[in-house]
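Take a look at the structure below.
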Amino acid sequence: MQEYFLLFIAAIFVNNIVLAQYLGNCPFIGTSKETSVALGMGGAVVFVAVMATAITWLVQEYLLSPLGLDFLQTLAFILVIASLVQFVEMFLKKMVPPLYKSLGIFLPLITTNCAVMGIALICQRKEFPLLKSVAFAAASGIGFMIALVVLAGIRERLEIRRVPRAMRGTPVGLVMAGLMSLAFFAFKGMI
Amino acid sequence: MSRLWKEFSKGLWKDLPPFKLVLGLCPVLAVTSTAENGFGMGMAVIFVLTLSNLLVSLVRKIIPAKVRIACFIVIAASLVVAVELLMQAYAFPLYQQLGIFVPLIVVNCIILGRAEAFASKNPPLLAIADGLGMGMGFTMSLTFLGGLREVLGHGQLFGHTVVWDGFEPLSFMAAAPGAFVTLGILLALMNFFTNLQRKRKGLAPVDGPTHDCGSCGVCGGR
């Protein structure tokens, strides 16, 4: 129990997937202009990351490793993630329309979100067992969501401020992300 | 010939990734703690980008529009596997340094973005020129950013000490916050100089390029 608690704290705060591990920066900067959009994107990432990590773990364990095809890991993982995203999209559209309405537009973006594939790869490199991988994926996804929502909140306030023209948009977003990253640095010594 | 040069050279300044074409930020931030890592990453991207542009351009008339993105992903992923194997064989220390960012080249928006925006609409020779140019621009940017952070963060450049005695390295620059802030300030400087140029020509100033997921096209433009 304690192990999982520490895993959650470490993945959310100490090794935050965006702010400390540099994964998933494109959606982090791209979809952080409004809090509602950020929440939707964050939710979609948590959902897909958990499923993708579980499925890629099974693929690696029962398909790639026994057949000696480890070198095809990258190819297999991206195909699994791409088809999973398609599948989830179709499923939600048919079965849970309200959820599809809020998450639907973000799902296609997730295929190229390196956070999802990054989490699956980190689990493989650290040789986590299945349950721990899933917990790690959920925690990392939540860490991504927190970072995204906080940055969106900051950028919403920046909208009504007078930012120098050259800094407007992406540059100021990146500097703000840097300051957030610095703030999260304070968690470094915790675990 | 001039067309070929135009497509090649646009990646070096006019559409210089990632400053003018804000795509593929993860490796830009992650591997630029030293100039050498930035350069190595850039080389891997040149390889994948040029070949994926060539292959996409060759098959552009055969693949149906509906499954084109899936085909681009398979092409990019196969090339990334090749790069991984090559790096394991000939550049193992670099491979270990770059870590999971080598397999993650496959989800770098630059690869899919160029495949969708350029290679799938142009003949092979132009596609190669575009891929080489964009790749070299990307390498230049990464090496520059890496060099800047290495000098300020470690006081070294390509592993050689370049600063005076008593220089106190800013460890902040070598870590994650430094990456975000440096890239943000460089982007702002780029916008500033673009507008200075426009002013001299008597044109109205413009806002800088926004982070553009649209040109990646994986989501079908949604």
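Chain naming here is simple, since letters A, B, ... match the order of the sequence lines and numbering starts at 1 in each. These figures come from a predicted structure and were not determined experimentally.
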So with a 6.0 Å cut-off around [atom1] of [X], is the heavy-atom count from everything else above 12?
X        : atom1 : value
B/Met87  : CE    : yes
A/Phe128 : CZ    : yes
B/Phe167 : CZ    : yes
B/Phe39  : CZ    : no
B/Phe144 : CZ    : no
B/Phe158 : CZ    : yes
A/Gln60  : CD    : yes
A/Arg162 : CZ    : no

Kindly compute the distance separating [atom1] ([X]) from [atom2] ([Y]), expressed to the nearest 0.5 Å.
X        : Y        : atom1 : atom2 : value
B/Phe180 : A/Leu19  : CZ    : CG    : 5.5 Å
A/Leu23  : B/Ile100 : CG    : CD1   : 4.5 Å
B/Leu104 : A/Met117 : CG    : CE    : 5.5 Å
A/Gln86  : B/Ile69  : CD    : CD1   : 10.5 Å
A/Cys26  : B/Ile110 : SG    : CD1   : 9.0 Å
B/Leu187 : A/Thr170 : CG    : OG1   : 6.5 Å

Identify the heavy atoms of [X] and [Y] that sit nearest to each other, and give their distance.
X        : Y        : result
B/Pro177 : A/Phe185 : CD-CE1, 3.9 Å
B/Phe101 : A/Gln21  : CZ-O, 3.6 Å
A/Pro171 : B/Gly184 : CB-O, 3.4 Å

Would you mind checking which part of [X] comes under 4.5 Å of any heavy atom in chain B, side chain (CB onward), backbone (N, CA, C, O), both or neither?
X       : answer
A/Phe71 : both
A/Ala20 : backbone
A/Leu75 : both

Mind jotting down which residue pairs meet the side chain to side chain donor-acceptor pair (under 3.5 Å) criterion with at least one end in residues 146-158 of chain A? Sequence neighbours excluded, please.
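Listed by first then second residue: A/Ser32-A/Arg155, A/Thr35-A/Glu156.
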
I'd like to know which of [options] tops the heavy-atom pair count under 4.5 Å against chain A.
options                              : value
B/Ala176, B/Ala77, B/Pro27, B/Gly178 : B/Ala176
B/Gly99, B/Ser78, B/Ala76            : B/Gly99
B/Ala70, B/Ala175, B/Ala179          : B/Ala175

Using heavy-atom distances under 4.5 Å, tell me whether [X] contacts chain A through its side chain, its backbone, both, or neither.
X        : answer
B/Phe193 : neither
B/Val28  : neither
B/Val181 : both
B/Leu29  : both

